[in-house]
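To keep things clear, I will list the structure first and then write my remarks on it.
We number each residue from 1, following the sequence as shown.
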Amino acid sequence: MKAYKNKKIIILFLAPVVIGLAVFVYYPLIQTIIGSLFEWVSYSPDRKWVGLENYITIFTDKDFGRILFNNIAYAVISVICQVCLAMVLAACLEEIFMRRFQNFFRTVLFLPSLISMSVIALLWKCIFNPNTGLLNTFLVNALGIENPPIWMGDATLAIFCCIFISQWQYVGYCMLLDLIGIQKIPQELYEAAIIDGAGSVKKFFYITLPMGKESMLVTAIITVIGSFKIFTEIQVLTGGGPGKASEVLATAMYKSAFEMDKMGEASAYAFIIFAITMVLSLVQMKLSKTGEESDV
């Protein structure tokens, strides 16, 4: 009787979560997959079956390679900054001589992640302004550079300006996650390493990195998924321009849906984003062997 009651309680608590996931995650996902196989518009109930034609159109588009490259560049640079650099910053703040300043630097570095990306994008758009922006004003007046870059108007630099802004905003957030992970590492390991004569670098590579891999996995998954869902900063800063130089999958999906009213093609873009992020997340978890005991 007690076991029966426990099962009822468990089901009672799980039911809202399962129903919520079914209604707000799995049902829309199934509808998106189905919608990607049709040609349809927003305000018409009529749909025309086209099979995989929407996917073929996307993959054969001459700009798709550039769009995918932008997302990949975003992911690679984000992993370097938000995973690797964040862990280095967290390890530095945990050094004994830095602990008295830890609260200050933790607050300063984490603060940008609390600000809306729309606000940050507008702020940096003003900074990158080629005529009146602070950056070019500094380059001209302080360094004497006569022809500073156009930044957002340069087809080569635009995407990297957007990537830089994201790193500036989120590296502090990832650092805080890593800092929490480092603080869970038994101090006895560090004390033993110091007795054996290990310096800060050796402690980082032989203790902090192996023991902190779980927090790095979390930040890596968040970062990679975020890199393929990136939208706000691109839309506010460049709109995917100049031309399609800074276009990413999410902005291409947005334009297909709300500018060209090609909802089937937009659904195909949405499923491509989902498939890429899911596969990459599974690969990351498999390679990291999360859940296994450390060899340290």
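For the side chain to side chain contact (heavy atoms under 4.5 Å, CB included) test, residues two or more places apart in sequence or in another chain that qualify with P130 are N136, I150. Partners of Y254 under the ring-ring contact (aromatic ring centres under 6.0 Å, His included) rule, at least two apart in sequence or in another chain, are F231, F258. For the side chain to side chain contact (heavy atoms under 4.5 Å, CB included) test, residues two or more places apart in sequence or in another chain that qualify with V41 are S44, D261. Every residue was checked against the ring-ring contact (aromatic ring centres under 6.0 Å, His included) condition with Y269, not counting sequence neighbours, and none meets it. Shown here are the side chain to side chain contact (heavy atoms under 4.5 Å, CB included) partners of V76, two or more places apart in sequence or in another chain: I72, I80. Every residue two or more places apart in sequence or in another chain that forms a side chain to side chain donor-acceptor pair (under 3.5 Å) with S215 is listed here: D178. For F138, the ring-ring contact (aromatic ring centres under 6.0 Å, His included) test picks out no residue, with sequence neighbours left out. Scored by the side chain to side chain donor-acceptor pair (under 3.5 Å) test, N131 finds no partners at all (sequence neighbours excluded). Looking at residues two or more places apart in sequence or on another chain, you find a side chain to side chain contact (heavy atoms under 4.5 Å, CB included) between V119 and I115, S116.
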Let me check something: any side-chain donor-acceptor pairs from residues 180-197 under 3.5 Å, sequence neighbours excluded? List them with distances.
unit_1	atom_1	unit_2	atom_2	d
Q183	NE2	E94	OE2	3.2
Q183	NE2	Q102	OE1	3.4
Y190	OH	T208	OG1	2.8

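Under the 3.5 Å distance criterion, with hydrogens and angles disregarded, no donor-acceptor pair is assigned to the side chains of Q82 and T219. Between the side chains of E265 and S256, a donor-acceptor pair is found at a separation under 3.5 Å. Neither side chain, T223 nor S78, offers a donor N or O lying under 3.5 Å from an acceptor on the other.
The shortest side-chain heavy-atom distance between F274 and I33 does not fall under the 4.5 Å cut-off. You'll find the side chain of T232 reaches within 4.5 Å of the side chain of V236, heavy atoms only.
Evaluation of the ring pair (Phe, Tyr, Trp, His ring centres under 6.0 Å) test over residues 111-136, restricted to residues two or more places apart or in two chains, returns W124-F128, W124-F164, W124-W168, F128-W151. Counting only residues at least two apart or in different chains, ring pair (Phe, Tyr, Trp, His ring centres under 6.0 Å) contacts with residues 10-38 comprise F38-W49.
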